[in-house]
2 protein chains.
Amino acid sequence: MPEVATAVEQAAFVCASRGVQLTELRRQVLRLILEAEAPIGAYALLDKLRGLRAGAAPPTVYRALDFLLEQGLVHKLERLNAYMPCVETGHAHHDGHGHGHDHPHQFLICRKCGATAEICAPAVAAAITEAARAQGFTPGVATVEVEGVCANCA
Amino acid sequence: MPEVATAVEQAAFVCASRGVQLTELRRQVLRLILEAEAPIGAYALLDKLRGLRAGAAPPTVYRALDFLLEQGLVHKLERLNAYMPCVETGHAHHDGHGHGHDHPHQFLICRKCGATAEICAPAVAAAITEAARAQGFTPGVATVEVEGVCANCA
DNA sequence: GCCATGGCGATACGATATAACCTGGGATGA
DNA sequence: TCATCCCAGGTTATATCGTATCGCCATGGC
């Protein structure tokens, strides 16, 4: 997978331009997530990481994940408690507190093969914003995860 | 909260009409969820439940939760790993496998006070279905959880 | 009586996530 | 130069979430 290397390099560039460091540990974790075919859990990640650094413990992985999530380089899938790369590398909102992703996104999770696609459907985001405002609610980040069957498995 | 008692009675009626039992344990767990002001976690529920039955253990709570989820009496919030009542008591699809809810629903989670509202916005569900189909994906249940600020806290 | 079924007590375990504390290394500034 | 600070990350322990499995007992059909 040569794309993995280029994705890591692009992430390094984005981090450098923000004045934050994509350290060796963070690169390794990002690479492992990019290499996984489906969303990967924290402890599966930990197992793989131990092949690269023997002393790795849960906080090792979770701290790297926190960084990658803050920088918008990876997503967390709440239904699966698993992580996958962000297709639009580095769209975190870097304003003030600096957490999360600012581009709306949704996930399509195949119940057969586990493959998960990230899509960007502005119509969905707009419908959610409107529905929330109708309740007097000021919407922030929306988690949208759809379980179903992908085109390959159908 | 007199509404709690009536909600429990209505749930008992729904269960009876389906030929399943809302046992004393399940009633207690449902009641605790109804009495909570915000979504409540499994272990917080367990703590409260131990006030009613000393021997309660994790499986005690999880079995009751599984039942209540199957019957569509409660929802799970994936972002919080917590549970809350379903406003439309008993809309589970009782066809064959019998898991989950068949009415589309979305959650508005207040980041200030934790209060969570369930809403039903068909426009959101429609937008999601359309976006999924456009990718050749056959959508099933959609998880929609919006973090933001509620009307009270604004 | 016999046995299938379902509810549930009890133990153990696996998986997910965080708290608390410490160390080392590079930047900063007196 | 050296004291200081911040930050990345190591280390240990623990909280939280969720399952697997065993076994008991009551109910109800045969």
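Proteins get letters first, then strands, A, B, ... in listed order; numbering begins at 1 in each. Hydrogens, waters and symmetry mates are skipped; everything else that's a heavy atom, side chains included, is used. Not measured: the values here are computed from a predicted model.
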Between CD1 of A:Ile40 and P of C:dA17 the distance, given in whole Å, is 13 Å

For this session: Report which part of the nucleic acid B:Tyr83 touches: base, sugar-phosphate, or nothing (heavy-atom distance under 4.0 Å, all strands).
Result: sugar-phosphate

B:Arg63 CZ to D:dT21 P, in whole Å, measures 14 Å

In whole angstroms, the gap separating P of D:dG18 from CG of B:Leu45 amounts to 11 Å

Geometric class of the A:His105/A:His103 ring pair [parallel <30°, tilted 30-60°, perpendicular >60°]: tilted

Rounded to whole Å, the CG-P distance (A:Leu46 to D:dT11) equals 13 Å

query: When you check the phosphate oxygens OP1 and OP2 of D:dG10, does a side-chain N or O of A:Thr60 lie under 4.0 Å from one of them?
result: yes

Q. Looking at the rings of A:His75 and A:Phe107, which for Trp means the six-membered one, are their centres under 6.0 Å apart?
A. yes

Whole-Å distance, B:Gln21 CD to D:dG28 P, equals 9 Å

Margin query: Does C:dC8 have its OP1 or OP2 closer than 4.0 Å to a side-chain nitrogen or oxygen of B:Arg53?
Written below: no

Separation between CG (B:Leu32) and OH (B:Tyr83), nearest 0.5 Å, reads 14.5 Å

For this session: Please determine if A:Arg27 and A:Glu9 form a salt bridge, counting it only when a charged side-chain N lies under 4.0 Å from a carboxylate O.
Result: yes

So CE of B:Met84 and OG1 of B:Thr116: to nearest 0.5 Å the spacing works out to 5.5 Å

note: A:Phe67, atom CZ; D:dG9, atom P; distance rounded to Å ~ 9 Å

* Asked: Looking only at side-chain N and O atoms, does A:Lys76 come under 4.0 Å of OP1 or OP2 in C:dT16?
  -> no

Checking C:dA17, D:dG10, C:dC8 against the side chain of B:Thr23 (C-beta onward), the nearest is C:dC8

TODO: Would you check if B:Tyr43 stacks with the base of D:dT16, given a 5.5 Å centroid limit and a 30° plane limit, both strict?
DONE: no

| said: Once you apply a heavy-atom cut-off of 4.0 Å, does B:Arg26 come out as touching a base, just sugar-phosphate, or nothing? | reply: sugar-phosphate

Closest to the 5' end of DNA chain C, once B:Pro58 and B:Asn81 are matched to their nearest nucleotides, is B:Pro58

A:Leu80 CG to D:dC17 P, in whole Å, measures 18 Å

Here the distance between atom C1' of C:dA15 and atom OH of B:Tyr62, to the nearest Å, is 11 Å

